Protein chains: 2
Amino acid sequence: MPTIYYVAKHAGVAPATVSRVINDSGYVAGETRERVERAIAALGYAPNRLAQGLRSKQTQTLGLILTDITNPFWTTVARGVEDAASKAGFSVVLCNTDESQAKQDQYARLLLQKQVDGFVLVPACNDAETVTRIRERGVPLVVFDRRVPIPVDTVRGDSEGGAHSLVRHLLAQGHRRIAVLGGAREVSTATDRVAGYRRAMGEAGLTVDPALILYRDFTLAAGDEMASLVLALDPAPTALFAVNNFIAIGALRALRDAGVRVPEDVAMVAFDDLPQAMVVEPFLTVAAQPAYQMGHQATELLLARLAGDKSDKILEIILPAQLVVRRSSSHKVGPSLNPFVKDVELSHQN
Amino acid sequence: MPTIYYVAKHAGVAPATVSRVINDSGYVAGETRERVERAIAALGYAPNRLAQGLRSKQTQTLGLILTDITNPFWTTVARGVEDAASKAGFSVVLCNTDESQAKQDQYARLLLQKQVDGFVLVPACNDAETVTRIRERGVPLVVFDRRVPIPVDTVRGDSEGGAHSLVRHLLAQGHRRIAVLGGAREVSTATDRVAGYRRAMGEAGLTVDPALILYRDFTLAAGDEMASLVLALDPAPTALFAVNNFIAIGALRALRDAGVRVPEDVAMVAFDDLPQAMVVEPFLTVAAQPAYQMGHQATELLLARLAGDKSDKILEIILPAQLVVRRSSSHKVGPSLNPFVKDVELSHQN
DNA sequence: CTGTTAGCGCCTTCAC
DNA sequence: GTGAAGGCGCTAACAG
């Protein structure tokens, strides 16, 4: 492993000059630069990033902590982060918490020790501990997709608005009894989506039956369980709103096993699209978040902070979710049995 | 940011003693250790990994370079790697090459500069350059899933055998005209799977129609294109073999658009399963590779090399692919029109 | 069992 | 425009 000293000797210059060439910093005469570059090539020299980082206090590395690397939504986000970072000469270390706060905190500590320059964090729960730890160390941070209870730079999708669109769409199809298959109560995306549901129901003059709102977590198994539960209710809901893609798939599976057809017997909508690549025939009506773009934008915000944008304004960037109407909600329901229910305006786009 | 010196001063000991406590190396008296631990806690000290790595020449970090983070097969592998690594106190840096050799080489260089202790590499193509570069630096390396033209530790699925099972299964269903929707010609998994196809056909006494073997790449678009091409042949194949999951989905989509039913009009099998989470109703007959386990095992091999297993034996670990028969190939075809075709033994399991 | 010394590979200051 | 010196935070080697 050649070091900067060997290169310097080989080129007949001082180590500092080699450093200037590597980092394109300071003045180096054209001829000197060439000599150094030739020496670097001849020796196959590559700088040791640990030493660079130790000395310069910058690692050109960002930490990305997310909750489920298995979910295509998050891998798409990761690509957005990665692309934005590498465009700026940064690399990304990706960590997967499995929705566990313990793992999240562990990874945050590790990355801090590795001296990453900044964080994009998808918090496993509505808790400020990890965020606080990172900020105490003075490392820039953007919270992604989920809210935490303290003010901090954030990039997220419009969970409330997207849910509102989905439920309005169902209402327009004639549904009145709509169940929510929710995620973890401690996660803002779950509660915000329920809030959007409530608002849409309220605007339609409908009262919400609490038995129709369930909270579990963002998994297949939870979707399966919640779907089975609400279908056993009397009267059963005519439509289901799954607050994420995995819950939706779990629910669809439960419905299939129970011989319940979608959309003929029950309609279904969900938050988060499944990527094209996973599905032969797109079928679910969804509120699709611009995952890639969100990741990209969060990273650009982070890089701006790194570049010294010390404006004390805390930014909260909220990107709209797009309503995509497909077959799973295409079955119209007859006029409500309840004559007191107001009509809602028809609208398939938000 | 407290350093080891502050901690030492705070505890009234020398920095080296603090180091001994942190790393649990050397002898430290119980009472001293406690004092140091209290100081660490009081100051919120955490060691700087850059400095540790620079000094000790070990980063406790592995590099994982793979070709498509979007594909659930690879994210599952990544989890296997991650779990095996963290059990041993290593962390993993994941890099996505998008099947680009240029990106692969770039990431290898970067990780080398970051002084990772070892690599798990999924080569983007059948080329030894990256592998050679890594070995020249003396960094242990396990090649994953695909072969490269030089001998090196490898963990991979049995592509040839899995393809053989799939095609035998199709033959047992009565198919004789079977098309292969192939991946990149430069990637061993693509060519090995074609080899398995050829062997199965040969064993059944069938000659292979070269028009039925296509090579593109491992994407949806390629699957779509290849399916359209082979269906236009005269006579058209009665069964399709997609050499990976994404090709299969692309092909299924093309078939749907063309109004061709699976399995009634044409049968379909594929290499690599889609994870449960992605599909409501498992439908495709596949040769499933144990992705998680493969990642785990590759990492354990790598860690063994790191731990000093310098046995010069180069290991090539080949894990079997499991034939999973589902609906997409369940339609039997009548006796061959060609009376000279031999019967093959019936067997649904390999 | 603990302290002292030296240096990992690099970059930043400051001279010249 | 270039070189010399010092130190980033830590651990290995050696004393004691």
Side-chain angles (χ1 to χ4, degrees), chain A residues 1-37 39-40 43-61 89 109-110 112-117 137-139, chain B residues 1-37 39-40 43-61 89 109-110 112-117 137-139:
Chain A
M1 281 292 75
T3 73
I4 207 170
Y5 281 92
Y6 293 155
V7 176
K9 193 174 298 175
H10 192 97
V13 298
T17 304
V18 179
S19 172
R20 289 189 187 101
V21 172
I22 292 170
N23 301 298
D24 207 18
S25 63
Y27 298 92
V28 181
E31 203 263 341
T32 313
R33 159 166 275 125
E34 269 180 33
R35 268 216 322 268
V36 171
E37 277 164 354
I40 288 175
L43 273 55
Y45 167 78
N48 180 325
R49 300 248 174 185
L50 300 181
Q52 287 185 317
L54 179 59
R55 184 58 240 243
S56 68
K57 312 239 171 242
Q58 299 190 67
T59 52
Q60 303 287 100
T61 303
R109 280 172 205 267
L110 177 66
L112 245 11
Q113 293 181 191
K114 291 195 172 204
Q115 315 293 123
V116 299
D117 295 335
R137 303 276 168 159
V139 178
Chain B
M1 278 295 71
T3 73
I4 206 170
Y5 283 93
Y6 293 156
V7 177
K9 194 174 299 175
H10 193 96
V13 298
T17 303
V18 178
S19 173
R20 289 187 188 103
V21 172
I22 293 169
N23 300 297
D24 206 18
S25 62
Y27 299 90
V28 182
E31 203 264 338
T32 314
R33 158 166 277 125
E34 268 180 34
R35 267 213 326 268
V36 170
E37 276 164 354
I40 288 175
L43 272 55
Y45 167 78
N48 180 325
R49 300 247 173 184
L50 300 181
Q52 287 185 317
L54 179 59
R55 183 60 240 237
S56 67
K57 312 241 172 238
Q58 298 189 70
T59 53
Q60 302 288 102
T61 303
R109 281 171 204 268
L110 177 66
L112 245 11
Q113 294 182 190
K114 290 195 170 200
Q115 316 293 123
V116 298
D117 295 334
R137 304 275 169 161
V139 178

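Quick caveat, the model's predicted, so the values are computed rather than measured. Quick note: numbers below take in every heavy atom, side chains included, and nothing from hydrogens, waters or symmetry partners. Numbered from 1 within each chain, the chains take letters A, B, ... in sequence-line order.
As judged by a 4.0 angstrom heavy-atom cut-off over every strand, Pro15(A) is placed among residues making no nucleic acid contact. Among the protein residues, Thr32(A) comes within range of the sugar-phosphate backbone only, with heavy atoms under 4.0 Å from sugar or phosphate atoms but none that close to a base. Using a 4.0 Å heavy-atom criterion, one finds that Tyr45(A) contacts the sugar-phosphate atoms exclusively. When heavy atoms are screened at a 4.0 angstrom cut-off, Ala29(B) is found touching the sugar-phosphate backbone but no base atom. Val13(B) comes within 4.0 angstrom of sugar-phosphate atoms only, judged by non-hydrogen atoms across all strands, and of no base.
The closest side-chain heavy-atom distance from Asp24(A) to Arg33(A) is below 4.5 Å. Residues Met1(B) and Arg137(A) have side chains in contact (heavy-atom distance under 4.5 Å, counting atoms from C-beta outward).
Distance, Asn48(A) CG to dC8(D) P: 18 Å, rounded to whole Å. What separates CD1 of Ile4(B) from P of dA12(D) is a distance of 11 Å, to the nearest Å. Rounded to whole Å, atom C1' of dC10(D) lies 16 Å from atom NZ of Lys114(A). If you measure from atom NZ of Lys9(A) to atom P of dC10(C), you get 14 Å, rounded to the nearest angstrom. Separating the OH atom of Tyr27(B) from the C1' atom of dG3(C) is a distance of 17 Å, rounded to the nearest angstrom. Straight-line distance from the CG atom of Asp24(A) to the P atom of dC11(C): 13 Å, rounded to whole Å. Gln115(B) places its CD atom 10 Å from the C1' atom of dC8(C), with the value rounded to the nearest Å. Look at CD on Gln58(B): it is 13 Å from C1' on dA12(D), rounded to the nearest Å.
Atom OG1 of Thr61(A) sits about 2.5 Å away from atom NZ of Lys114(B), to the nearest 0.5 Å.
Comparing dG3(D), dG9(D), dT11(D) by their closest approach to the side chain of Gln52(B) singles out dT11(D). For Tyr5(A), taking side-chain heavy atoms from C-beta onward, the closest of the listed nucleotides dC10(C), dT11(D), dG1(D) is dC10(C). Here the nucleotide nearest the side chain of Asn23(A), chosen from dC11(C), dG3(D), dT2(C), is dC11(C).
Taking for each of Ala51(B) and Gly12(B) the nucleotide of DNA chain C with the nearest heavy atom, the 5'-most of the two is the partner of Gly12(B). Comparing Leu54(B) and Ala16(B) along DNA chain D, the residue whose closest nucleotide (by nearest heavy atom) sits nearer the 5' end is Leu54(B).
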**Study point:** Stepwise side chain to side chain contact (heavy atoms under 4.5 Å, CB included) test for Tyr5(B) and Val18(B)
**Key:** CA-CA 9 Å; Tyr5(B) 283 93; Val18(B) 178; over 6 Å; no
**Study point:** Full working for side chain to side chain contact (heavy atoms under 4.5 Å, CB included) between Val13(A) and Val36(A)
**Key:** CA-CA 8 Å; Val13(A) 298; Val36(A) 171; 4.0 Å; yes
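Shown here for His10(B) and Ala39(B), the closest heavy-atom pair between the two residues is CD2-CB, 3.5 Å.
At dG9(C), none of the side-chain N or O atoms of Thr3(A) fall inside 4.0 Å of OP1 or OP2 (strictly under the cut-off). Look at Thr17(A) and you'll find a side-chain N or O under 4.0 angstrom from OP1 or OP2 of dG3(D). Between Lys57(B) and dT11(D) there is no side-chain polar atom (N or O) within less than 4.0 angstrom of OP1 or OP2.
Judged by distance alone with a 3.5 Å cut-off, no donor-acceptor contact links the side chain of Arg49(A) to the base of dG9(C). Taking only distance into account, the side chain of Arg55(B) never meets the base of dC10(D) through a donor-acceptor pair shorter than 3.5 Å. Below the 3.5 angstrom threshold, one finds a donor paired with an acceptor across the side chain of Arg20(B) and the base of dG3(C).
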